[in-house]
Amino acid sequence: MDQNQTHELPKTYDPSQFEDRLYSMWMEKGYFTPDVKDERPPFCIVIPPPNVTGQLHMGHALDETLQDILVRYKRMQGFNTLWVPGTDHAGIATQIKVEENLRVNEGITRYDLGREEFLKRVWDWKDKYGNRIISQLQKLGSSCDFTREAFTMSDNLSDAVRKVFVTLYNKGLIYRGLRITNVCPHCNTVISDAEVDYQEIDGAFWHIRYPIKGEEGKYVVVATTRPETMLGDTAVAVAPGDERFADLVGKTLILPLVGREIPVISDENVDPEFGTGCVKITPAHDPNDYETGLRHNLENIIVIDNTAHITEAGGKYAGMDRFEARKQIVADLEAGGYLVKIEKCTHSVGHCYRCGTILEPVASRQWFVKMKPLAEPAIEAVRRGDTSFIPDRFSKNYFNWMENIKDWCISRQLWWGHRIPAFYCEDCGEITVAEKDVAVCPKCGSHKITQDEDVLDTWFSSALWPFSTLGWPNSTEELKKFYPTSVLVTGYDIITFWVSKMIFMGLEFMGEKPFSHVFIHGLVRDAQGRKMSKSLGNGIDPLEIIDKYGADALRFALATGNSPGNDMRFSDEKIEAARNFANKLWNASRFVRMNLTIDKVELPAADKLAAEDKWILDKFNALVASVTANLDKYEVGVALSALYDFVWDVFCDWYIELTKARLNEKESEGCLIAQNVLAYVLIGTLKLLHPFMPFITEEIYQALPHGAACDLESIMISDFPKYDAALEFPEESADTERLIAVIRAIRARRTEMNVPPSRKTKVYVETKYASSFGEMTYPFFLRLASASEVEVAASFAGVISADDAAQIVTDAATVYLPISELVDTAKEKERLTKELAKTEGEISRLSAKLGNAGFVAKAPAAVVEAERAKLVKYEETAEGIRNALSKLK
RNA sequence: GGAGGCAUAGCUCAGUUGGUUAGAGCGCACGGUUCACAUCCGUGAGGUCGAGAGUUCAAGUCUCCCUGUCUCCACCA
């Protein structure tokens, strides 16, 4: 767009008319792509990569909005700014989606296709949904550098994954081991502890007799919620020192239905108070029993497989589904006289967080990351403050997790993901872990090599995100320039899943923290405060909101009132308020635009400025300071509400109104000055607002003449306003504040007395603050206070009779409105007396405070001074009221 | 069981290291066809800041305790 070509703004604010056009313009100009060689200080954010499972939801919209605000802010402040976009392959989640799709549309499973063909299908899916996510990011206005778009399974990132795996393996930090892990029979894979979703369900305790060998008719009773696991029992444990069972320890029991002989052991893990005090031990299917098994050298008998069917070891129950087997076993126990009773109970049971299936704990061989050595430096880094959480309380979450961390199970029995780079020799059993595929066994030379079938946990690759996306393991310019990144913006729900892993991986492989700050936001909930979810059907699609209200309104609604770490509700009222604000800004800008006759904006010299000009500049300057300080603290919501108040209450409701008189004096010097100040403040405000509402601010900016200081083709690349001490005008500001207070008081009084706006009255302003009420201010009374005429004097004694006028007292002035027929002297007296009492109350409160030696001695001087100033104002008001009262008959 | 959050106007929420007469949006009441905007303008009502105690010259803000509510982590056979 021609930088000198300005245009009128259309009458209605219609974001659909310009949002896409402006976004394309920014892309074409390459504003989102930084130059790595640029010497200015870097600012970098890597996006928390959305899963390629579907489309963006409100949570993403919030996350991207906050990031874009920071990125645009820093870019305008002159930082060399990079925001890396990308997506996550999301192992299980995506595989399940694609399998579901196959089932519904083609009636087949992944096994029908085979691994290779299935993966092709997943890649097709990824292309489709990955692109959709990118275009949604763009709709929101995200200023990501799309030339650096990343994907966790791209070649480059896969190289990084392999290198990390091999390095950790060689350091002994990755090992293969037998553990009780949670298996999802539906997904047919192990899932990590963090992916277990515990839910309370109604279940039962089955009390079962286990006969004692060689003691006819004697038995112990155990209680279990999962009777089918008895097939794998290899002991019964009692608490050490439990006198009831002391003589049992060492005896042998006969496992019912199975006939296996199992010992009674004593183990500290048993709570004698709970259940029967005797615990059946199934080391292969319960984490606690597994530990007990290790202590007592018990055999692990796996009786349930990964699909929740009974294994060969389960004898006659082999092949049965676990719940079918449970039924049968209970029936058989009952028939055999082993069942004592069934006791109803509710207990919490692990469910798959993806598909909701009840999980089965199974002992199996898996790959693990040894966490202790990695966690320690990661804890230290946060403790030292290398990386800090905003708000700080989330560091407690982090410590709590990291200090109690368990080894991380990283293998998954899936097809979609990074295949584990471990190669097994069928001849000699050698395991080779290598970055490059292995074809020949390095130990025996055999060619019978098979790669591990499993893939890595999806968080393994996203743990490397802050450096893999910048080119690691290659030593790139990007890494040198932008690592460590500046801030990570994410929700509190994935601090443990993801943030903690990036921290220890970054420290391990880059030798440095991955980011300086972790800016945590909450969840976006629905209008009733419920989590948005598919099952509830209460999700709101950000794209629909954008279509209806515009991306700026959506961004505003998400950013305003949002405070770090706290959940927020999204409602129609909120988005409407946001749209209304955009509309307000649009119309104010339209007003300024249509009154401009100048083609360059230049701030007039101070001595040319009217008091209200200085007032608005002073206010604007304070706004700059506030917005900057709050953005620097990640107080995005506070910064934005300061902008809202300024635009609506200060700029529109007062300043614009105050300029109208001058603007109507066409071609006068005052008119030109007002135009310049209006445009100057508007342009500055647009810049402050641009990070939050990029589209509307750009569209308006394009329509305005800019002038020497801001003669740019886009607001995006303009400088963010800086606080300027030369724009402080405390005295003139005070003058204008007094004026505003008086106008407000007149309006209030007129409303109270039911004087219709059409009824104009003369206004007598009795004041000692002549500078606040000079002749230049008379038009303000005519326009804003329904005045027909204005007179200002130090005293109106003998000019107007108080009994015929409504008297309005502020600290700066007493105003007389001659509306004799509406004035009831008795009422007037009563009202003033009441007001006086209230004012005197304040005076005595303040006097007491100021008379308190402790206060004067200990409070900061500025606070004491402010209280004194307040007291003076109240005293002036009180005096005014007394005066007014004395004039009444 | 361990950790943490929240509780402020009818509703939804701000309130930054303690320091004006505690604010906003929506809603409500009254009044407005002012030439930017009815997606608007003006005026107003409405709060003992969950209960109690403490620290301090000063507490919505800090400490303790209680109540209600939500979240995360662990998880009992």
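Chain A is the first sequence line, chain B the second, and so forth, proteins listed ahead of strands; every chain is numbered from 1. Note that these values count all heavy atoms, side chains included, but never hydrogens, waters or copies made by symmetry. All values reported here derive from a predicted model rather than from experimental measurement.
- No cation-pi contact links K396(A) to W401(A), judged by a cut-off of 6.0 Å to the six-membered ring centre and 45° from its axis.
- At a cut-off of 3.5 angstrom, counting only N and O atoms as typed in the model, there is no donor on one side facing an acceptor on the other between the side-chain of K870(A) and the base of U20(B).
- Comparing the C1' positions of G46(B) and G25(B) gives an interatomic distance of 15 Å, to the nearest angstrom.
- For Y13(A) and N580(A), the side-chain atoms include no donor-acceptor pair closer than 3.5 Å.
- Within 4.0 Å (heavy atoms only), K838(A) reaches no atom of the nucleic acid at all.
- Nucleotides C13(B) and G1(B) place their P atoms 29 Å apart, quoted to the nearest Å.
- A cation-pi arrangement, defined by a distance under 6.0 Å to the six-membered ring centre and an angle within 45 degrees of its axis, is absent between K584(A) and Y644(A).
- Comparing the same atom, P, in C28(B) and in U39(B) gives a spacing of 15 Å after rounding to whole Å.
- Both A527(A) and I656(A) lie near RNA chain B, and the one whose nearest nucleotide falls closer to the 5' end is A527(A).
- In this structure, U69(B) and G5(B) make a Watson-Crick or G-U wobble pair, each of the two defining distances being under 3.5 angstrom.
- Among the atoms of the strands shown, only primed sugar atoms or phosphate atoms (P, OP1, OP2) are found under 4.0 Å from some heavy atom of S563(A).
- With hydrogens and angles disregarded, a donor-acceptor distance shorter than 3.5 Å links the side chain of T628(A) to the backbone of V624(A).
- Taking atom P on both A58(B) and G31(B), the two are 48 Å apart, rounded to the nearest angstrom.
- At whole-Å resolution of the value, CG in D552(A) and P in U39(B) are 20 Å apart.
- For the C1' atoms, the distance from G47(B) to G23(B) is 11 Å, rounded to whole Å.
- G42(B) sits 13 Å from A38(B) when the C1' atoms are compared, rounded to a whole Å.
- Side-chain atoms of E657(A) come within donor-acceptor range of the base of A36(B), with a qualifying N/O pair under 3.5 Å.
- Among the atoms of the strands shown, none is found under 4.0 Å from any heavy atom of D289(A).
- Taking the P atom of each, U16(B) and C62(B) are spaced 9 Å apart, rounded to whole Å.
- With a cut-off of 3.5 Å on both pairing distances, the Watson-Crick or G-U wobble partner of A24(B) is U12(B).
- In this structure, the side chain of R750(A) engages the main chain of P756(A) through a donor-acceptor pair within 3.5 Å.
- For U12(B), the base has no donor-acceptor partner in the side chain of R569(A) [N/O atoms by modelled type, under 3.5 angstrom].
- Partner assigned to C62(B) is G54(B), using Watson-Crick or G-U wobble distances below 3.5 angstrom.
- For T276(A) and N664(A), each mapped to the nucleotide of RNA chain B holding its nearest heavy atom, the one lying further toward the 5' end belongs to N664(A).
- No engagement by S641(A) is indicated, since no non-hydrogen atom pair under 4.0 Å with the nucleic acid exists.
- Among the heavy atoms of the strands lying under 4.0 Å from A588(A) is at least one base atom, whether or not backbone atoms are also near.
- Across the protein-nucleic acid pair, L850(A) atom CG and U20(B) atom P stand 14 Å apart, rounded to whole Å.
- Of all nucleotides present, only G32(B) satisfies the Watson-Crick or G-U wobble test against C40(B), with each distance under 3.5 Å.
- Separating the C1' atom of U61(B) from that of C6(B) is a span of 15 Å, rounded to the nearest Å.
- Distance check: E840(A) CD to E875(A) CD gives 10.5 Å after rounding to the nearest 0.5 Å.
- Using a 4.0 Å heavy-atom cutoff across all strands shown, K760(A) reaches no nucleic acid atom at all.
- Nucleic acid contact class of D653(A) (heavy atoms, under 4.0 Å, all strands): sugar-phosphate only.
- W206(A) comes within contact range of no nucleotide atom at all, as no heavy-atom separation falls under 4.0 Å.
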